[in-house]
Structures are given as C-alpha cells and as structure tokens.
Amino acid sequence: MERAFDPARVEPRWRALWEERSLYRADPASDKPPFCMVIPPPNITGRLHVGHGLNNTLQDMVARWKRMSGYDVLWVPGSDHASIATHVMIERELEKEGLTRQQLGREKFMERAWAWKEKFGGEIGEQLRRLGASCDWSRERFTMDPGLSAAVREVFVRLYEDGLIYRDRYLINWCPRCRTAVSDLEVVHKEMQGKLWTVRYPLEGGGWISVATTRPETILGDAAVAVHPEDDRHRAVVGRTAIVPAVGRRIPVVADPFVDPNFGTGAVKVTPAHDPNDFLAGRRLGLDPIVVMDESARMTSEAGPYSGMDRFVCRERLLDQLRSEGLLLEEKDHLLSLGRCQRCDTIVEPMISLQWFVKIEPLARPALEAVESGRIRFVPDQWRKTYYEWMRNIKDWCISRQLWWGHRIPAWYCDSCGVTIVSRRDPDKCGTCGCLSLTQDPDVLDTWFSSGLWAFSTLGWPESTAELRRYYPTTLLVTGYDIIFFWVARMVMMGLKFMDEIPFKDVYFNGLVRDAKGEKISKMKGNTVDFFELMETYGTDAVRLTYASLSSPGSDVALAPGRLDGSRAFANKIWNAVRFARPHLEAGAWSSPPRREHLSEADRWILSRCSRVAQVVDEAMESYRFDEATAAIYRFAWHELCDWYLEMSKPALAAPNTPAGEAARGTLGHVIDRLLRMLHPFMPFITEELWQSLPRPAGSADRPVSIAIALFPLREPEMEDAAAERALEILMEQVTVRRNLAAGKEALVARDVPAHIRPFTEEARQVLERHRDTIAGLTRSAAPQIVQFSTAREGWVPIRGVTSCTEFTLFLTGGAEIEAERARLNKEIERLAKELTVHEAKLANEGFLSRAKAEAVEKVRAGHRDLTDRIARIRKTLEQLGA
RNA sequence: GGGCGGUUAGCUCAGCGGGAGAGCACCUGCCUUACAAGCAGGGGGUCACUGGUUCAAAUCCAGUACUGCCCACCA
C-alpha cells in the first residue's frame with residue numbers, strides 16, 4: 001500500500017462499483033422511510049463549475065448520510081434546457097460562422113440545439129459522477145423530455161383555463177440582441193455613469209417648456225409633456241401644445257401626479273411605448289403609444305429622419321440636431337442604473353409587445369403563507385425575509401419568449417376568425433368557425449416555467465406514479481440563494497397549485513463560491529477556478545471536505561488554498577492511520593464492539609470519544625451544519641485517534657496474543673470502522689477504499705458490498721465512559737507539560753533521571769500511578785516518580801510546571817553542561833543582536849515610504865519581530881537555567 | 001431609495017453572554033519502524049469604532065465607519 005493517498009488511482013474504481021451495483025437506486029416499494037431531493041438541474045450550457053461543485057457536494061453529503069441512516073433515498077438528477085442561455089451559446093457559435101439564427105432557420109437551429117444537448121447534457125452526468133454524486137441515475141430527467149413536456153403543457157392549459165394565463169399587449173423588457181421579451185428577473189441592473197440632457201420643446205403660440213431625459217432617442221416617441229398638477233411654475237402651460245423636436249409632432253402638455261416636481265425642470269416627457277412609467281401614465285391619460293424602435297432596437301418610420309438608425313447612433317445624431325437648433329439646454333453627468341440582458345449583457349429596451357403572462361398574485365398568496373406558517377422551512381432563516389419581500393410585491397410574469405429552443409406555447413390562432421385555442425392536444429380545426437387553417441403561436445416558454453414544475457414533473461406528474469405518491473413532497477431542496485425568485489418561489493407556487501401540497505419541507509441555501517481572496521468569481525475578472533483541475537490537484541475527497549468545512553450557514557465559500565491543503569493533508573492522514581492499523585487487524589481476530597473485560601483505560605477513552613463524536617456529527621447533519629460535522633470528525637481522527645490513541649496503544653498492539661493486545665486490536669478495528677463510516681458522506685472515495693481493504697471483525701455478518709450502504713454510526717451509550725475520559729485528560733496534561741518543559745532544552749534533559757509528579761488530588765495520584773509507563777513512552781523518557789514532595793537532587797537543576805492537578809518537576813543536567821549551554825545561548829543572543837541592529841537601521845532609513853516599498857519594509861519588520869522573539873525566548877531559557 | 005449580510009491571528013473562517021479558537025502560513029527542535037502532505041514545541045489578536053444593558057459582552061441593544069449582496073420605474 002502506497003505511502004501516500006493517491007486519489008487518481010482510487011476514485012475511478014469505486015465510481016465503477018457504485019454504478020454497477022445500482023447502489024443509489026430508490027425503491028418506491030421499500031419499507032424504509034423515504035427521503036427525496038431533486039437536483040437543481042444544471043443548464044446544458046457548459047461544464048459544471050465550482051458552484052455546482054459546492055451545491056452537489058452538499059446534496060450528496062445529505063443523501064449519503066440519510067441512506068446510511070436507513071432511509072430509502074431518492075436523489076433525482078437531471079439537466080435544464082436553459083432556453084435563452086442555450087440560445088446565446090449557440091448563437092455565439094453561429095456568429096463565428098457568420099450566421100444569425102434567423103438565417104439558419106428554426107428547424108436547423110433546433111437540430112443544433114439538440115446536438116448541443118446531447119453533448120453537454122451527457123457531460124453533466126459524467127461530471128456529477130466524478131464528484132461522487134449518489135444520484136439515482138435510472139431516474140435522470142431533462143426539462144424537455146417527453147414526460148416533462150407533457151407536464152408543461154398540462155400546466156399551461158390548466159392555468160389558462162383557470163384564467164391565470166392571459167395574453168396582452170403590454171410594456172415588457174426587450175433584449176434587442178436575443179430579440180425576445182425577458183422577464184423582470186432576467187434584467188440585471190448595473191450602475192453606470194451616463195448623462196442627463198435637458199431639452200427645450202417649443203410651445204405652440206410661443207414660449208417653450210424644457211424636460212430632462214437620459215435617453216434622448218425616445219424623444220421621437222413622445223406623446224405628451226407632463227407636469228405636476230400642483231406645480232405653480234407650470235400651471236399656465238397645462239393644456240397647451242408642445243412641438244416634439246426633430247419630428248414636429250404636436251403633443252399636449254398634461255398634468256399628472258406621477259411627476260416629481262423636484263426633479264429636473266419639473267416637467268417630464270411622456271413616451272408610452274418605451275418607458276414603464278410613461279406606459280402607465282399613457283394608459284391613464286389616454287395617450288396613444290408611438291413605437292419608434294423595432295425588435296432590433298432600430299428606429300422605425302415613426303422616427304422620421306432617423307428611421308432605420310440604431311438607437312445609440314440615433315441618440316448622437318439627434319443630440320447634434322438639438323444642439324444646432326439651440327434646443328439642447330444642458331448636458332451633465334448622471335449616475336444611472338441600466339437594465340441589461342442577464343444572458344448577453346445587451347442593454348434591454350422597454351417595449352410594447354403582445355405577450356403571454358401568468359397572473360401571479362393568486363399563486364403567490366398561498367406560496368407566501370406556506371413559508372410564513374413554517375410548513376416550508378428556510379435554512380438559514382434569514383432568506384425568508386427576502387422571499388417575503390419579493391412575494392409581497394410580485395408582478396405578473398411574462399412567460400413567452402420569441403425563441404425556438406424550449407416548450408412551444410400550446411396556443412393556436414384561427415386564421416379566419418382569429419380565435420385563440422389553447423389545448424392539451426394539437427387542434428385540427430377551429431372550434432368556433434370550423435376553419436381548418438390554424439397557426440400555432442411561434443413562441444416558447446420562459447425556461448423557468450418548466451423548472452418551476454421540477455419537483456413533481458420529475459416524479460411523473462401528471463401521471464399518478466408510485467414515485468409521485470411516495471416522494472412528493474420532497475424532503476429537502478439544496479440550492480443557491482441566487483435563484484430564490486427564479487426557481488424556489490416558482491416551485492412553491494406551482495407545487496401548491498398543481499399538487500395542492502408544498503414541493504419540499506426544507507430548503508437549504510448554500511453560499512456562493514468565491515475565489516481565494518473572497519471575490520466573486522466571474523469570467524470578466526478572469527478569476528475563474530476550473531472545478532476539474534481543482535479535483536485533479538487536491539483529490540475529489542479533499543475538495544468535498546473543503547466545501548463542507550467552509551459551509552457555515554449564510555456565508556459564501558472562498559476557495560482558499562490553505563483550506564484545500566488542510567483537507568488533502570487530512571485525507572493522507574486517514575490513509576496512513578489505516579495503513580498503520582491494517583497489519584494489526586490482520587494479525588489476529590478482533591470483534592466489534594470489542595469485549596469489555598480487558599480494555600485499557602485508553603481503549604475505553606477512545607471508544608467513549610468515538611461514541612460522542614458520532615452523536616455530534618449526527619446532530620450537526622440534522623441541522624445542516626456541514627462545517628461542524630466535519631470539524632468534529634477532523635479533530636477526533638487527527639487529534640485524538642492519531643495523536644494520542646495510536647501512540648498509546650502501540651505497546652499493546654505489539655503483543656497481539658495478550659489480552660491487552662486483543663483488546664487494543666478490537667478497539668482499533670471498531671474505532672477505525674466507525675470513523676470511516678461517519679466520514680463516508682464527506683469523503684466517499686477514500687473511505688470506500690480503506691473500508692474495503694480492512695479485514696472484517698470476527699463473527700460479523702456479511703459486510704455490505706459498499707460502505708455507502710453500511711450503517712451510519714450513532715451514539716453508543718454503553719461505550720461512553722466519563723471516568724476514562726477524565727483520566728486521559730489528566731494523563732495527556734502530564735505528557736504535554738513534560739514536553740513543554742523539555743522543549744528547546746533537549747541537550748539538558750536527562751533521559752535517565754526521572755521527573756517528579758506531585759499530585760494535588762487522590763484521583764490524579766491514582767491515574768498517574770497507572771500510567772507512569774505511558775507517560776514515559778509518549779515522552780521518550782524514564783517513567784516519572786509520583787511523589788508527595790519533590791525534593792532537590794544534588795547536581796541537577798529542577799524546572800517546574802503546574803497543571804490543573806499536579807506539579808511536574810523535570811530535572812536538567814547540572815554544573816558544567818549548564819555553563820556550556822549558557823555560554824552558547826549568550827553567543828546566540830549576541831549574534832542576533834547584531835542582526836537586529838541591521839534591521840533597525842533598515843527600518844529607520846525608510847523614512848518616507850513609497851507604496852511600492854511598503855511590502856518590502858513589512859518583510860523587514862516581520863524579520864525584526866522574529867529576532868526580537870527569539871532573543872526573548874533565549875533569555876527565558878537562560879533564566880530557567882539560572883533557577 | 002429600501003432590504004439583508006459581513007467586519008475575530010498574516011490568509012480563509014468557526015465561536016455569538018462567563019476559558020479567545022481551527023486550518024494554512026510563520027519560528028524552534030526532530031527523517032521517533034502509519035504519515036516530512038509528518039511529529040513535538042512555540043510566537044502572533046485593545047474580537048472595526050462609540051455608547052448602553054449586565055456581577056460579567058467578541059457574544060445582547062443603539063449608533064458610526066468601512067465592505068459585500070439583493071430589490072426598486074425617479075425622467
């Protein structure tokens with residue numbers, strides 16, 4: 001067995017076994033209690049990234065833990081067609097070929113999209129397996145597979161029949177690059193330095209009124225100028241007619257309270273076709289919208305001389321014209337928040353358009369209640385507020401997209417009478433006029449429409465399947481907080497509407513993954529971390545452990561190399577602990593749990609600790625404290641089992657045929673076995689490898705084929721032993737103080753001169769009497785004497801340390817050796833003092849620091865501190881020598 | 001403009017009413033027959049600031065300052 005853990009050699013083997021044996025297959029007929037999660041389906045737009053890594057690692061930890069705890073676990077895997085996101089990816093490819101999707105045509109485009117899906121959809125599965133994800137692959141779903149498409153259609157029709165889906169001409173967000181409507185959520189607002197222009201509109205019959213705008217090109221679509229009804233400055237102009245510059249349109253000056261009299265000039269241009277506020281104002285005031293931009297954001301014929309021009313070119317030209325006509329009064333910098341397309345970053349344009357909407361309020365009300373009442377629990381709790389905030393101010397959801405990749409809207413329009421037919425089955429004729437010529441709506445649905453159904457559509461809805469009956473509502477959803485509105489909220493609404501039941505009981509929101517410096521990872525910044533390289537470098541288990549150890553509720557996860565290093569070191573530590581244990585376990589029979597009669601105090605101590613840690617881990621998992629669970633195991637494995645127990649039990653293990661040896665062997669086997677099992681959800685590969693490599697205890701039933709289906713360790717009250725724990729605390733304290741006293745004075749510590757321990761209590765005395773040899777072994781020295789008074793010894797120098805229950809006296813060699821050591825140390829101080837002088841001079845010379853030099857100086861300072869420290873330490877040793 | 005977080009050792013983070021902690025980095029000594037990705041020891045923090053509550057505050061309350069994120073139609 002190799003001296004170091006090599007993940008690359010170990011991981012593939014177990015992935016194969018897990019797959020072959022279908023270990024993660026759920027069984028609706030099982031008599032175990034069900035536990036179900038649906039994966040947040042990754043988009044088929046590309047490879048998984050570190051964020052997916054975190055999300056799926058946490059899910060897998062819960063899945064494995066629950067499976068080992070006796071649940072029938074169903075973790076449904078799958079992927080999302082990601083309508084608009086996939087469009088953007090494919091269109092980027094097309095662009096390289098000099099094509100647009102319109103040139104390619106709908107059919108050809110769909111072929112490409114399906115090919116894309118085949119490629120990336122498949123890779124997603126591979127990548128999840130690579131991570132060790134214990135999904136039920138036999139139940140893998142895709143948002144556009146036939147079953148889910150049927151669910152989408154059923155939902156659309158039912159919502160339509162219930163009057164919750166309607167079609168309307170309304171002002172929506174339009175992405176001119178994607179050439180589709182997008183929902184409010186798909187618009188990302190970014191602050192930018194822009195300009196605010198003040199423009200003068202002539203009034204008919206003389207005079208003028210000036211208005212401010214950040215988008216001058218919309219002037220061409222103005223339908224009115226509005227002022228506040230109470231604004232005295234403008235009272236006189238209300239009712240008069242203004243002339244729109246450049247196009248000469250005559251528009252009214254109106255009064256409406258939506259105008260803020262304190263902003264700009266107090267008068268505002270009204271462009272009902274291209275601004276949300278103005279759209280509503282226009283409806284209120286009965287103004288006709290004038291559409292001046294088309295679907296590519298080029299100016300329409302309504303824009304007169306600017307017709308056919310790009311919106312931003314038009315802006316500049318128009319400004320030139322206004323300037324030359326003396327109508328541009330002012331131009332100043334203005335901070336503005338620009339809406340951009342979430343997927344392609346193009347500046348979106350508010351546009352009037354005929355779209356399908358979901359009337360959301362009736363769906364939102366029960367969804368709000370489900371969380372308020374606690375039927376659905378959010379972890380961490382703080383996200384409830386965010387959810388409430390959004391739900392209480394929710395607006396109708398624009399669900400139609402002028403795209404091709406997605407679920408086509410099941411609506412047909414009669415070519416002769418124009419009636420709309422929404423139907424579960426494709427209609428062949430118009431039910432109203434009998435006409436045979438019907439045209440299906442060309443649009444597809446927002447990608448989130450289908451993901452909103454994911455919790456039940458993946459289980460077979462609208463069919464009443466065994467899965468649906470058994471696993472719905474699902475138990476837990478693990479997802480990122482960035483899709484709380486996009487996805488979580490919509491699943492709650494859809495679940496309640498169509499299943500009449502919440503979609504999940506708990507929602508755990510994992511953090512965002514950030515880079516080593518804690519900064520948000522983005523392609524723009526160029527600080528992306530390749531997830532697969534990460535696993536390559538550190539091993540999947542170490543990456544998983546790092547994710548878990550950094551997952552404290554409500555905080556993001558920074559991929560700090562230090563943490564990853566620590567996890568990798570831990571994997572190696574476990575590897576070597578088992579490498580040490582294996583020959584002993586192979587040397588003779590052992591039973592688990594070990595027979596009690598010959599157990600040493602150390603045995604009883606580690607068994608007791610093992611039980612307590614199992615309980616801590618189980619409780620931590622129950623409350624989704626992955627950080628606490630892994631910290632408890634880490635500490636136990638490294639700092640209790642390895643640092644103390646393995647060292648203490650070596651003498652007993654060396655004598656396998658004695659009762660003590662057998663007891664130690666049994667203890668070791670028992671504890672290692674349980675450690676591996678409790679660690680398995682976090683580090684599945686290494687634990688499987690090691691667990692499989694161990695001989696099984698005598699007389700045990702056949703071992704499960706995989707540790708993944710072994711039982712998760714629980715507390716064993718009969719193993720808990722407070723007396724042994726207390727005794728070991730005393731013992732460890734003595735060893736530590738002995739090491740402490742000797743540290744740095746190795747030359748002066750006599751191995752053959754016993755130390756004295758003066759116990760303060762009878763309890764301590766008894767413990768120490770029992771463990772004199774253990775102390776000797778762990779400190780590589782002679783056994784200490786347990787004394788009532790520590791007496792001075794001729795020719796030896798005592799140094800003393802006090803513990804909670806003893807005074808520990810260590811004797812150093814006396815006389816000549818001390819003098820020699822003193823001389824050596826004095827010389828060392830001299831040398832360091834010289835070095836220190838140099839440092840001080842350097843620091844003094846710095847005077848004014850250029851910023852660039854600051855770092856170098858900081859280094860010198862650190863060196864300075866170190867030197868000072870070292871001198872102080874040596875002085876301390878000298879003092880002790882003098883004592 | 002609203003809302004939610006964060007500010008603890010050089011770095012990444014736990015702790016959230018009585019002892020200031022972990023991993024990494026750093027320093028010292030060790031290749032001790034599981035592990036040098038290791039062992040043993042060590043240094044390092046007015047727990048952002050101010051005020052309040054309390055016998056007691058990193059921890060509770062109020063405010064301040066930075067900082068991150070979400071939401072929002074102010075032209």
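No experiment lies behind these values; they were computed from the predicted model shown. Here is the naming used below: chain letters follow the sequence lines, and residue numbers restart at 1 for every chain. Hydrogens, waters and symmetry mates play no part in the numbers below; they use all other heavy atoms, side chains included.
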Task: Donor-acceptor pair present, A:Glu647 side chain and B:rA40 base, under 3.5 Å - done: no
Span that lies between the [atom1] atom of [M] and that of [N], in whole angstrom:
N	M	atom1	answer
B:rG38	B:rU46	P	29 Å
B:rG52	B:rA58	P	15 Å
B:rC71	B:rA56	P	44 Å
B:rU54	B:rG17	C1'	9 Å
B:rG45	B:rG2	P	40 Å
B:rU53	B:rC13	C1'	30 Å
B:rC47	B:rU8	C1'	4 Å
B:rA14	B:rC61	C1'	24 Å

- [ ] List the steps and the verdict of side chain to side chain donor-acceptor pair (under 3.5 Å) for A:Lys190 and A:Ser337.
- [x] CA-CA 5 Å; A:Lys190 290 179 192 164; A:Ser337 158; over 6 Å; no
[atom1] of [X] versus [atom2] of [N]: gap in Å, rounded?
X	N	atom1	atom2	answer
A:Asn393	B:rA72	CG	P	9 Å
A:Arg384	B:rC71	CZ	P	21 Å
A:Asn576	B:rA37	CG	C1'	9 Å
A:His189	B:rA72	NE2	C1'	8 Å
A:Ile686	B:rA37	CD1	P	16 Å
A:Asp565	B:rC24	CG	C1'	7 Å
A:Leu512	B:rU67	CG	P	20 Å
A:Asp515	B:rC13	CG	P	10 Å

Tell me whether the side-chain N/O atoms of [X] come closer than 4.0 Å to OP1 or OP2 in [N].
X	N	result
A:Arg780	B:rA40	no
A:Lys650	B:rU32	no
A:Lys385	B:rC69	no
A:Arg3	B:rC35	yes
A:Arg579	B:rA37	no
A:Lys395	B:rC73	yes
A:Trp383	B:rC71	no
A:His639	B:rG23	yes
A:Ser552	B:rA14	yes
A:Ser567	B:rA37	no

Please pick, from [options], the nucleotide with the shortest atom-to-atom distance to any side-chain atom of [X].
X	options	answer
A:Pro276	B:rC73, B:rU12, B:rC35	B:rC73
A:Arg563	B:rG5, B:rU12, B:rA37	B:rU12
A:Thr736	B:rA34, B:rG41, B:rC70	B:rG41
A:Ala558	B:rC13, B:rA75, B:rA34	B:rC13

- [ ] Determine, for A:Arg311 against A:Glu217, whether the closest basic-nitrogen to carboxylate-oxygen distance falls under 4.0 angstrom.
- [x] no
TODO: State whether A:Arg544 and A:Asp541 are salt-bridged, where the test is any N-O pair (Lys NZ or Arg NE/NH1/NH2 against Asp/Glu carboxylate O) under 4.0 Å.
DONE: no
Pairwise distance [atom1]([X]) to [atom2]([Y]) - rounded to 0.5 angstrom:
X	Y	atom1	atom2	value
A:Asp184	A:Ile172	CG	CD1	10.0 Å
A:Phe682	A:Leu545	CZ	CG	8.5 Å
A:Asn740	A:Thr803	CG	OG1	11.5 Å

Open item on the list: Applying a 4.0 Å non-hydrogen cut-off, can you work out what A:Trp197 is touching in the nucleic acid: base, sugar-phosphate, or nothing?
Closed with: nothing
Task: Touch class at under 4.0 angstrom, heavy-atom based, for A:Arg514 against every strand present - done: sugar-phosphate
Task: Sidechain-backbone polar pair: A:Glu191 side chain, A:Leu336 backbone, donor-acceptor under 3.5 Å - done: no
TODO: Can you label the angle between the A:Phe485 ring and the A:Trp390 ring as parallel, tilted or perpendicular, going by 30° and 60°?
DONE: parallel
Open item on the list: Both atom distances under 3.5 Å, Watson-Crick or G-U wobble: I'd like the secondary structure of RNA chain B as a dot-bracket string, with | for pairs made across strands.
Closed with: ((((((((.[[[[.)..(..]]]].(((((.......))))).....[[[[[..)....]]]]])))))))....
Task: cation_pi(A:Arg739, A:Trp644) dist<6.0 Å, angle<=45 - done: yes
TODO: May I ask you to check whether over 12 heavy atoms, not counting those of A:Arg579, lie within 6.0 Å of atom CZ?
DONE: yes
